[in-house]
Asks: 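This is the structure, below, for whatever I ask next.
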Amino acid sequence: MVELGFEDLAKYPILKEVEAYFRERKISLEELSLDDYRPVLERARERIFEAVERAKVSYRRGCPDLEIMSFLVAFLLVRASGSEFLMQKYSLSEARRIEELLQGEKSDGVFSYVVKALGIDAVALEDGTFELDFDRYLRLATRLHSERWKLVNRELSKGSVRIPRRDLVRLVREAVRDLIYERLRKAPAPKVPELLKGIVEELKSISPKPVRRPKAKGGAYPPCVSHALEMLSKGENVPHIGRFLLVSYLYNKGVGIEDIISLFSTSPDFNERITRYQVEHIAGIRGGGKKYLPPSCRILQSKGFCFKTEECDGIKNPLQFRGRKVERG
Amino acid sequence: MKEVDFLKAAFREYYFKMSDRVEVPEHIEEREFGYQNFEGVMIRHLSFRDGGDLRAFLLREVPAGVYCSPARYTDPTLPMEEKGWKEADLIFDIDADELECKCWNEYRYWICESCSAIHKGAKLDECPTCGSGRLRPVNFVCDECIKKGLGEVSKLLEILKEDFGVKEGDVKVYFSGNVGFHIHVKDERFKGLGPAERAEICDYLMGRGLMPEVLGFGRGMPLASRWRDRVLDSSSLAELKRMYRKMGYEGFRSWLERVALEAGARIDPSVTIDVHRIFRLPGTLHRKSGMAKVGVRGLEFDPFRDAMPFGSEPVRLFVERSPRLDFRGEAFGPFEREEVELPKGLAVYLVAKGVARPL
């Protein structure tokens, strides 16, 4: 059994021990309107703004009380805002903070404890790598877009996947993100005291404007493209295949690069430089100069991104979609 | 139509006399059932309380095909979005029909829906008799196809066992009733996985997306991976090096995927990925053959012996055209536009294939 210090709880405030810590201190939003708690409130607000602006929350070493309390307060504020965009962004940004801390975690005991607490049964091997069950691996790794995460490019034997510590921590990020997001979604909306209403209103206002759907030539969008746009406008994380579909489809339908890039600005992990590079690559402006066509219906289906309706009958590629069939009478 | 009446009578006889061969799935009340009638209409979103309920239904409806969901739902009769998906067994479909087989010229027919002419051999775009484009393929079971299909099955089982650690007792192999094999895996670790994870499993089984790095080419260290071993079993390291030098990274990568596909299992991924699918119920009959979906043991299989429930009593029929078929140790045909007397099992088969009519 590892001894967890306050500093450990501050680093990994998703641990259940933190809940006990809060229960003991009986913290509620009402109490926070007192001046004593101002620094906590400020730090909580800072956490959220770090999330929005840099998609990563920082860590302040040496003030565990402030860190632990501000984590919970930020959580409550994000929940109170009711903004899907903020919930996604905040979950990701706290998860990236924990990822970095875990990457540099000196204590093997604490490392293993945190990983296990997230429901990941990883067995440490003598050579410093880890083994985990393939189903657990798949649930976390399927949303990572790089090919090296494909199961086929991993060592799989008798149901266990062997991965280096770095990669395990990257998976832990996904687990933390899920955990925080799910907790946010399930938490009842807190009653907001008068003094905090200003911050909550401010948070509500920083949600991105609804996505303006670019006008594509040829009328209606096929259901898969609509689905991707829908996810974006809710601030949800669109999987790789959906992003690729969206960019290649819109570009082939004559939508401009800038309009396409701005679509992704609501994405929780938006980074304009990287998005621009990827969009231009698909458009054939960069890289091999090859302009990509959208993936075929068969591929979309195999990747679980086909939402076909009757109107899709007979098409093999989303580009062929023509919308409602005209009845000839 | 006489053919349909004949088949329906045969199916009714089967469900009356041999309904104990129909496998009642575990948690039957949480499964979605569907069936196709002899008019070709598909009805879904049904459920049954228990095996008795199911058998009574089979006898009453005499369906042309019966399907059951590998998934369990809170309420299987509701529309898909409201069913409440709980979990699904992992299933695979290996279509022997998709594997290139030298028998194709002998055992693949094309029936013209316009003029009813029957042609033999490679794929036709239009009917040589009347020029119509409405051609329906008919595939006869052939030893070679069955062997090839079973070869893919055994590759699949090997990977499931060695790589995924699936226990032998958790896997059941079935002959689909026509020209393929179905594999059902009851292993807790797969049950909760969604389409994205199942797609990854399919890619793994087929070696799709295998990177040269896994074998030590490009950047990175080779992995102690079973896929690496599998590729090295079919090509030497020296050959791989030669190909890499010759083709460059991208070319080598595509080549590697082709090598991997040979070593992997040729499954139909869309069947495995779709967690809402309904899948032929073991022990029920196939409309296109009159045979039952039955378990395969020891990877040795003769469809007419093991899956055809109808016997040897003689039936007179007119055969439009058929290849030579071995029925329980005896050869019949080829026939062309002739009246013959055949054992009932074979008669049902030829009528189901659409190349013969009872007299």
Side-chain angles (χ1 to χ4, degrees), chain A residues 119 121 125 127 129 131-164 166-167 171 174 178 224 227 237-242 287-288 290 295-309, chain B residues 90 159-167 170 187-215 218-231 250 253 256-257 260 264 267-276:
Chain A
D121 275 315
L125 302 179
D127 63 356
T129 60
E131 254 183 12
L132 71 157
D133 291 345
F134 77 86
D135 51 330
R136 192 71 196 143
Y137 175 86
L138 282 178
R139 282 173 212 268
L140 298 168
T142 40
R143 22 182 158 159
L144 302 178
H145 308 148
S146 153
E147 292 264 283
R148 66 188 197 86
W149 290 101
K150 286 189 76 59
L151 192 57
V152 74
N153 294 317
R154 293 288 171 176
E155 294 175 11
L156 171 66
S157 183
K158 297 287 180 194
S160 297
V161 186
R162 192 170 75 103
I163 54 174
R166 268 190 68 245
D167 289 352
L171 294 178
E174 294 304 310
D178 283 355
C224 47
H227 185 83
N237 196 29
V238 183
H240 178 67
I241 184 75
K290 182 180 162 200
S296 68
C297 296
R298 197 181 58 78
I299 288 178
L300 286 166
Q301 200 193 357
S302 81
K303 300 276 180 193
F305 210 83
C306 169
F307 307 92
K308 70 175 173 210
T309 60
Chain B
L90 185 71
I159 303 178
L160 286 176
K161 184 174 151 209
E162 294 301 328
D163 299 30
F164 289 89
V166 174
K167 289 192 212 74
D170 285 341
D187 178 320
E188 292 299 326
R189 297 169 302 165
F190 295 102
K191 284 184 175 171
L193 300 179
E197 289 87 14
R198 288 171 201 243
E200 268 302 298
I201 291 172
C202 290
D203 282 354
Y204 186 92
L205 293 165
M206 294 191 286
R208 283 212 279 207
L210 184 61
M211 289 166 81
E213 279 80 351
V214 173
L215 291 115
R219 286 179 294 175
M221 292 290 286
L223 297 182
S225 129
R226 289 187 183 270
W227 261 110
R228 176 170 175 265
D229 299 345
R230 247 172 237 127
V231 171
E250 285 301 328
R253 202 187 152 132
L256 193 58
E257 284 215 6
I267 51 170
D268 175 350
S270 64
V271 173
T272 305
I273 293 166
D274 183 356
V275 296
H276 295 113

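To find a chain, count down the sequence lines: A is the first, B the second, and so on, and within it residues start at 1.
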Asks: With a 3.5 Å distance limit and no angle check, can you tell me whether A:Asn153 reaches the backbone of B:Val214 through a side-chain donor-acceptor pair?
Replies: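 Answer holds: no.
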Asks: With side chains defined as the heavy atoms from C-beta onward, is the minimum distance between A:Glu147 and B:Arg253 less than 4.5 Å?
Replies: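 In short, these two side chains touch, coming nearer than 4.5 Å.
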Asks: Counting heavy-atom pairs closer than 4.5 Å to chain A, which one of B:Leu193, B:Leu160, B:Val166, B:Ile201 comes out on top?
Replies: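 Option with the greatest count: B:Leu193.
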Asks: Do the rings of B:Phe164 and A:Phe134 sit parallel, tilted or perpendicular, given the 30° and 60° boundaries?
Replies: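 Perpendicular.
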Asks: Please flag which part of A:Arg143 lies under 4.5 Å from any non-hydrogen atom of chain B: side chain, backbone, both or neither.
Replies: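 Neither the backbone nor the side chain of A:Arg143 comes within 4.5 Å of chain B.
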Asks: Let me confirm one number: the CG-CG distance from A:Leu151 to B:Leu205, rounded to the nearest 0.5 Å.
Replies: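 Rounded to the nearest 0.5 Å, the CG-CG separation comes to 9.0 Å.
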Asks: By number, which residues in residues 269-276 of chain B have some heavy atom less than 4.5 Å away from chain A?
Replies: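 Under the 4.5 Å heavy-atom cut-off, B:Ser270, B:Ile273 qualify.
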Asks: Give, for atom CG of A:Leu156 and atom CG of B:Leu223, the distance between the pair rounded to the nearest 0.5 Å.
Replies: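 Spacing of CG (A:Leu156) from CG (B:Leu223) equals 11.5 Å.
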Asks: Do other residues, nucleotides or ligands put more than 12 heavy atoms under 6.0 Å from the NZ atom of B:Lys161?
Replies: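 Count not over threshold, so no.
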Asks: Look at B:Ala260, B:Ala224, B:Ala196, B:Gly264 and state which one has the largest set of heavy-atom pairs under 4.5 Å with chain A.
Replies: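 Of the options given, most contacts go to B:Ala224.
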Asks: Would you give the length of the straight line joining atom CG of B:Asp163 to atom CD of A:Glu155, rounded to the nearest 0.5 angstrom?
Replies: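 That separation rounds to 11.5 Å.
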Asks: Excluding sequence neighbours, so at least two apart, what forms side-chain hydrogen bond (donor to acceptor under 3.5 Å, both in side chains) with A:Lys150?
Replies: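 Residues passing side-chain hydrogen bond (donor to acceptor under 3.5 Å, both in side chains) with A:Lys150: B:Glu200, B:Asp203.
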Asks: What's the shortest heavy-atom distance between B:Gly192 and A:Arg139, and which atoms?
Replies: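 The answer is O-NH1, 3.8 Å.
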Asks: Run the side-chain hydrogen bond (donor to acceptor under 3.5 Å, both in side chains) test against A:Lys158 and tell me which residues pass, sequence neighbours left out.
Replies: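 side-chain hydrogen bond (donor to acceptor under 3.5 Å, both in side chains) list for A:Lys158, sorted by chain: B:Glu162.
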Asks: Please enumerate all residues that pass ring pair (Phe, Tyr, Trp, His ring centres under 6.0 Å) together with A:Tyr137, with sequence neighbours excluded.
Replies: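 Scan of A:Tyr137 (ring pair (Phe, Tyr, Trp, His ring centres under 6.0 Å), adjacent residues dropped) gives none.
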